[in-house]
A.B. asks: 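I am attaching a structure below and will ask some questions about it afterwards.
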Amino acid sequence: MEKGIIAIAAALCGMAGCVTGIFEGKVAIHAVDAIGKNPDASSKIQSMAIIGAAISETCAIYCLLIAFLLIFVLGA
């Protein structure tokens, strides 16, 4: 494989990790907004926001793993 294609693929994986971080921030913003509107449901909202962030973080970890594999295994 050509090294340029590997670099582009690794960059796309890195961008996917960044996009995941942006949307995790959006989840946190909406969770805080929902808690502000309904403080009685704060425990349920907080637990769902944490579970959602943990699930979406696995996508970022997998993207990072794929980027490392592309760079160090296929790029070598």
Side-chain angles (χ1 to χ4, degrees):
M1 293 183 100
E2 197 170 313
K3 290 196 185 264
I5 295 173
I6 293 171
I8 291 172
L12 287 174
C13 288
M15 286 175 34
C18 292
V19 170
T20 302
I22 290 169
F23 284 107
E24 282 181 19
K26 284 187 154 214
V27 167
I29 289 170
H30 291 297
V32 169
D33 188 35
I35 290 171
K37 290 179 182 177
N38 190 4
D40 294 333
S42 65
S43 64
K44 286 184 179 181
I45 295 169
Q46 183 180 11
S47 64
M48 290 304 292
I50 290 172
I51 290 170
I55 290 172
S56 64
E57 189 67 30
T58 58
C59 175
I61 291 170
Y62 288 144
C63 288
L64 180 67
L65 177 68
I66 290 170
F68 281 155
L69 287 174
L70 284 171
I71 292 169
F72 293 116
V73 175
L74 293 179

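By convention here, the first residue in the shown sequence is residue 1. From a predicted model like this one, the values you see are computed outputs, not experimental measurements. Note: hydrogens, waters and symmetry copies are ignored here, and every other heavy atom, side chains too, is used.
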A.B. asks: About how many Å separate SG of Cys13 and CD1 of Ile71, when rounded to the nearest 0.5 Å?
C.D. replies: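 Between Ile71 CD1 and Cys13 SG, I get 9.0 Å after rounding to 0.5 Å.
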
A.B. asks: Are Ile66 and Leu74 grouped together when hydrophobic residues (ILVMFWY) are joined by side-chain heavy atoms under 4.5 angstrom apart?
C.D. replies: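 Yes.
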
A.B. asks: So, for Cys63 and Gly17, which heavy atoms are closest and what is the spacing to 0.1 Å?
C.D. replies: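 The answer is CB-N, 4.3 Å.
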
A.B. asks: Do Ile51 and Phe23 sit in one hydrophobic cluster, given that two such residues count as connected whenever their side-chain heavy atoms are within less than 4.5 Å of each other, even indirectly?
C.D. replies: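 No, Ile51 and Phe23 fall in different hydrophobic clusters.
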
A.B. asks: Check for me, please, whether Met15 and Ile8 land in the same ILVMFWY cluster - side-chain distances under 4.5 Å, paths through other members count.
C.D. replies: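 In one cluster with Met15: Ile8, yes.
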
A.B. asks: For the atom pair NZ (Lys44) and CD1 (Ile35), what is the distance rounded to the nearest 0.5 Å?
C.D. replies: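 Atom-to-atom, Lys44:NZ and Ile35:CD1 are 13.5 Å apart.
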
A.B. asks: Minimum heavy-atom separation for Cys59 to Thr20, with atom names?
C.D. replies: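 Heavy atoms of Cys59 and Thr20 come nearest at SG-OG1, 3.9 Å.
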
A.B. asks: Hey, could you give me the NZ/OG distance between Lys26 and Ser56, rounded to the nearest 0.5 Å?
C.D. replies: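 Reported to 0.5 Å precision, the distance equals 13.5 Å.
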
A.B. asks: Just how far is it from atom CG of Leu70 to atom CG of Leu65, taken to the nearest 0.5 Å?
C.D. replies: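 With rounding to 0.5 Å, CG (Leu70) is 9.5 Å from CG (Leu65).
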
A.B. asks: Could you measure the distance from the CD1 atom of Ile45 to the CG atom of Asp40? Nearest 0.5 Å is fine.
C.D. replies: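 If I round to the nearest 0.5 Å, the distance is 9.5 Å.
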
